[in-house]
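For reference, the structure discussed in these notes is given below.
Throughout, residue positions are numbered sequentially from 1 according to the sequence presented. Only a predicted model underlies this, so the values are computations on that prediction, with no experimental measurement involved.
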Amino acid sequence: MLSTALRAADGNPFVYIAGYDNTVTCFEFNSATGELKELSKSDCGKNPTYMAIHPSRKFIYAANETGKGLVSAYAIDPKDGHLTKLNEVSSGGDGPCHVAVHPDGKWVFAGNYGSGHIGTAPINPDGSLGTPLEPILGGKNAHEVVVDASGKFVFVPFLGTNVVNQYKFDEATGKLTPNDPPSATASAPKAGPRHFAIHPNGKFAYSINELNCTLDSWMYDRAKGLLSDPKWISTVAEGTDLKGMSTAHVLISPDGKFIYGSNRDGTKPFTRSSVAIYSIDQGSGRLTFIAREDAGGEIKVPRDFALDPTGKFAVVANQNGGNVTVFARDEMKGTLKKIGTYAVAKGPSYVGFMAKP
């Protein structure tokens, strides 16, 4: 393990940055100013490109994006966020790019992009992972696993199959069963659903589409766990050449009034990368474009981003910039304003906030 040094101040959350480097860095996030202070670095193996925090805030899990993928479990030091490895198990497939923890803290899920499998493993009382269940092949290019607030339904965007799969989940056995219907098709052919978010009111949901740079708004039946009536809106300006362009992450503000989606320009010098901002109609769930923020060109292939627990700040991981950009968020307008930049290990692809244990 790498060395640790500082202790987090009370009241300020940890923020973890991980990606295409063994090093996972834990910062203290100043909830008043938005400043980051490095607390510790941990060696988390090859390509811990996405992580998920346990509800107890004592453990964290990493998807190690390799050919034969792994999910690794770590204990969190409450003083400085340093990670101590507990164990690792198979992700249930190849090339895992996402990991999620069930709200009850008893199960972990992995989305395997390479093979299209969904992996599930039990979480032991000590935070370690038990023997994985038989994985499910749900389609082509599984890109994320999202559990709804009730814990009864699970959604998996399949980029290559152009659908969001809908599952019922048995919390006692860990079994995923296809819902009826088993999937919801994106609003446009070859859109490529990548990441997915459910509105806090439980009435709407959103999927960002990697291949055609759009964002789908859905109606969501939370009693049945079903999606319907997708409508798309572009994440890029009209007339944009989509060659080299893709999207990545989507998230909703805590108050449910705004939604954010990241555009990635894969062509050097990556200048078309941005975070697209929309307002959400509280009656219909449909979206209205507000702005695209690129921090004066600093945003470069934003693989992931997150809002702090107060909703007043955003941290964006610039995969091709080797840094993270911190923004102040206007809670009334939804807009972002750059306030800081911090160098991190190469290829950052995950940002995760956690209230201090």
Side-chain angles (χ1 to χ4, degrees), residues 1-19 21 23-44 48 50-62 73-84 99-101 103 105 127 200 249 251-256 258 260 275 293 295 298-299 302-318 321-332 334-345 348-357:
M1 294 293 179
L2 302 178
S3 63
T4 66
L6 303 176
R7 179 187 176 97
D10 291 339
N12 286 332
F14 292 151
V15 58
Y16 285 95
I17 307 296
D21 186 279
T23 302
V24 174
T25 306
C26 179
F27 293 91
E28 176 189 26
F29 186 82
N30 189 313
S31 296
T33 66
E35 294 177 293
L36 295 177
K37 179 175 71 174
E38 185 178 310
L39 295 176
S40 65
K41 290 182 178 178
S42 307
D43 187 337
C44 292
Y50 210 89
M51 307 188 84
I53 298 165
H54 192 273
S56 70
R57 307 194 304 279
K58 294 180 179 180
F59 315 110
I60 193 169
Y61 303 89
Y74 298 87
I76 297 172
D77 188 317
K79 296 179 180 179
D80 63 5
H82 187 263
L83 306 179
T84 299
V99 62
V101 176
H249 189 48
L251 63 78
I252 302 166
S253 62
D255 61 10
F258 302 98
Y260 301 82
V275 176
E293 178 59 54
E298 181 175 300
I299 299 297
R303 175 71 174 265
D304 193 43
F305 59 96
L307 299 181
D308 82 304
T310 71
K312 296 179 180 179
F313 300 97
V315 177
V316 178
N318 298 303
N323 56 27
V324 295
T325 305
V326 181
F327 294 90
R329 190 178 79 92
D330 187 315
E331 295 177 89
M332 299 300 294
T335 52
L336 303 174
K337 181 180 179 181
K338 174 190 165 183
I339 59 173
T341 307
Y342 299 84
V344 294
S349 60
Y350 169 79
V351 181
F353 281 93
M354 187 189 81
K356 185 181 175 184

If we ignore angles and hydrogens, is there a donor and acceptor under 3.5 Å between the side chains of Asn318 and Thr325?
-> yes
Without hydrogens or angle criteria, can the side chains of Glu298 and Thr341 be said to hold a donor-acceptor pair below 3.5 Å?
-> yes
Can you name the residues that form a ring pair (Phe, Tyr, Trp, His ring centres under 6.0 Å) with Tyr16, not counting sequence neighbours?
-> none
By ring pair (Phe, Tyr, Trp, His ring centres under 6.0 Å) - contacts of Phe59 (at least two apart) = His54
For Pro348 and Gly322, the nearest pair of non-hydrogen atoms, with its separation, is CD-CA, 4.1 Å
State, yes or no, whether a side-chain contact exists between Thr23 and Asp43 at a heavy-atom distance under 4.5 Å.
-> no
Considering all heavy atoms of both residues, which atom of Gly334 and which atom of Phe258 are nearest to each other, and what is their separation?
-> N-CZ, 3.5 Å
Who are the ring pair (Phe, Tyr, Trp, His ring centres under 6.0 Å) partners of Phe327, not counting sequence neighbours?
-> none
Please tell me if the side chains of Phe27 and Ile17 come closer than 4.5 Å, counting only heavy atoms from C-beta onward.
-> yes
Step-by-step ring-ring contact (aromatic ring centres under 6.0 Å, His included) determination, Phe29 to Phe353 = CA-CA 9 Å; Phe29 186 82; Phe353 281 93; 5.1 Å; yes
Look only at the side chain of Ser42 and the backbone of Cys44, and say whether a donor-acceptor pair between them is shorter than 3.5 Å.
-> no
Sub-4.5 Å side-chain heavy-atom contact between Asp308 and Pro13 = no
Heavy-atom nearest pair, Phe14 first then Pro78, reads CZ-O, 3.5 Å
One should read off an interatomic distance between Asn30 CG and Asn12 CG, to the nearest 0.5 angstrom, of 5.0 Å
Arg57 side-chain N/O to Ala355 backbone N/O, donor-acceptor pair under 3.5 Å | yes
Of all heavy-atom pairs between Gly11 and Ser31, which one has the smallest distance, and what is that distance?
-> O-OG, 4.0 Å
Counting distance only, does the side-chain N/O of Asp80 pair as donor-acceptor with the main-chain N or O of Ser40 below 3.5 Å?
-> no
Which residues pass the side chain to side chain contact (heavy atoms under 4.5 Å, CB included) test with Lys58, sequence neighbours left out?
-> Ser56
State, with a plain yes or no, whether a side-chain heavy atom of Leu307 is found less than 4.5 Å away from one of Pro254.
-> yes
Please walk me through it: do Val326 and Lys338 pass side chain to side chain contact (heavy atoms under 4.5 Å, CB included)?
-> CA-CA 6 Å; Val326 181; Lys338 174 190 165 183; over 6 Å; no
How would you list, by chain and number, every residue that makes a ring pair (Phe, Tyr, Trp, His ring centres under 6.0 Å) with Tyr342, sequence neighbours excluded?
-> none
Please assess Tyr50 against Arg303 for the test side-chain hydrogen bond (donor to acceptor under 3.5 Å, both in side chains), listing each intermediate value before the final yes or no.
-> CA-CA 10 Å; Tyr50 210 89; Arg303 175 71 174 265; over 6 Å; no
Close side-chain approach of Arg329 and Ser253, heavy atoms under 4.5 Å | yes
Does any N or O in the side chain of Asp304 come within less than 3.5 Å of the main-chain N or O of Val351, such that one atom is a donor and the other an acceptor?
-> yes
List the steps, then state whether side chain to side chain contact (heavy atoms under 4.5 Å, CB included) holds for Ile299 with Val316.
-> CA-CA 8 Å; Ile299 299 297; Val316 178; 3.9 Å; yes
May I ask you to test the Tyr61-Ile53 pair for a side-chain heavy-atom distance under 4.5 Å?
-> no
Any side-chain heavy-atom pair from Met51 and Val24 closer than 4.5 angstrom?
-> yes
Provide the closest heavy-atom pair for Val324 versus Ala317 in the form atom of the first, atom of the second, distance.
-> CG1-CA, 4.0 Å
Give the intermediate values and the outcome of side chain to side chain contact (heavy atoms under 4.5 Å, CB included) for residues Leu39 and His82.
-> CA-CA 8 Å; Leu39 295 176; His82 187 263; over 6 Å; no
Measure across Gly127 and Ala73 and return the closest heavy-atom pair with its distance rounded to 0.1 Å.
-> O-CB, 3.7 Å
Look only at the side chain of Thr335 and the backbone of Asp330, and say whether a donor-acceptor pair between them is shorter than 3.5 Å.
-> no
For Ala328, check side chain to side chain contact (heavy atoms under 4.5 Å, CB included) against everything at least two apart and list the hits.
-> Phe313, Ile339
